[in-house]
Amino acid sequence: MVAGVSDALWNNGRACGKSYRVKCLGGANEAPHPCKNGNTAVVKVVDYCKAGCQGIINLSKYAFSTIADPDAGIIQVEFNEV
C-alpha cells in the first residue's frame, strides 16, 4: 500500500520510502459511517503530493478502501511513522 505526502511530511524528499500506519478517525464531509471498524493500513511513501493536495497524506485506492468506505471521499486520519 502506498501514499503521496504534502510539504508537511515531504521534507525535501526525505519522506520517500518511510512507512506510516494510518487510521480513519471520521468523515470530512456528510458521508455516513466512513470508517471501517478501526482498521489501519501501513503505507509506504512513494510520491510527492504537489500543490492542491487534499491534506497531508494521499492514500492509494487500495489503502483508502482498507480503512474507509471508498464512497466517503475525504476522511480525517491519524498517522504515525512505523
Side-chain angles (χ1 to χ4, degrees):
M1 289 188 259
V2 297
V5 296
S6 71
D7 287 326
L9 290 178
W10 186 244
N11 196 16
N12 292 321
R14 290 195 238 358
C16 199
K18 290 187 177 185
S19 294
Y20 291 88
R21 182 175 308 280
V22 184
K23 178 180 179 181
C24 177
L25 298 178
N29 54 31
E30 300 297 319
H33 315 292
C35 299
K36 289 189 175 176
N37 298 325
N39 289 2
T40 63
V42 175
V43 296
K44 184 176 183 177
V45 175
V46 297
D47 200 8
Y48 173 60
C49 187
K50 297 176 178 69
C53 187
Q54 300 264 328
I56 295 173
I57 191 164
N58 188 11
L59 304 175
S60 65
K61 288 181 183 181
Y62 180 62
F64 189 97
S65 67
T66 298
I67 65 169
D69 178 352
D71 292 332
I74 300 171
I75 58 170
Q76 297 173 1
V77 298
E78 169 184 274
F79 57 91
N80 297 299
E81 188 175 350
V82 292

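Bear in mind that the values here come from a model prediction, so they are computed numbers and not experimental data. The residues of the chain are indexed from 1 along the displayed sequence.
Between Ile56 and Phe79, some side-chain heavy-atom pair lies under the 4.5 Å cut-off. Using a 4.5 Å heavy-atom threshold, the side chains of Glu81 and Lys18 count as touching.
Within the model, atoms CG of Leu9 and SG of Cys49 stand 10.5 Å from one another, a figure rounded to the nearest 0.5 Å. We find the NZ-CG distance between Lys50 and Asn58 to be 11.5 Å, quoted to the nearest 0.5 Å. Rounded to the nearest 0.5 angstrom, Glu78 CD and Cys24 SG are separated by 10.5 Å.
Here the shortest heavy-atom pairing between Pro34 and Gly27 reads CG-N, 3.3 Å. Between Val42 and Met1, the closest heavy-atom pair is O-CB, 3.7 Å.
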>> Let's go through Val77 and Ile57 carefully: what are the C-alpha distance in whole Å and the side-chain angles of both, what is the deciding distance for side chain to side chain contact (heavy atoms under 4.5 Å, CB included) to 0.1 Å, and is it a yes or a no?
In response: CA-CA 9 Å; Val77 298; Ile57 191 164; 4.0 Å; yes

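The aromatic rings of Tyr48 and Trp10 are tilted relative to each other, their planes meeting at an angle between 30° and 60°.
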Listed pairs under 3.5 Å, donor-acceptor, residues 59-71 side chains, sequence neighbours left out:
residue, atom, partner, partner atom, Å
Ser60, OG, Val2, O, 3.3
Ser60, OG, Ala63, N, 3.3
Ser65, OG, Lys61, O, 3.2
Ser65, OG, Tyr62, O, 3.0
Thr66, OG1, Tyr62, O, 2.8
Asp69, OD1, Asp71, N, 2.9

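Lys23 NZ: 12 or fewer foreign heavy atoms inside a 6.0 Å radius.
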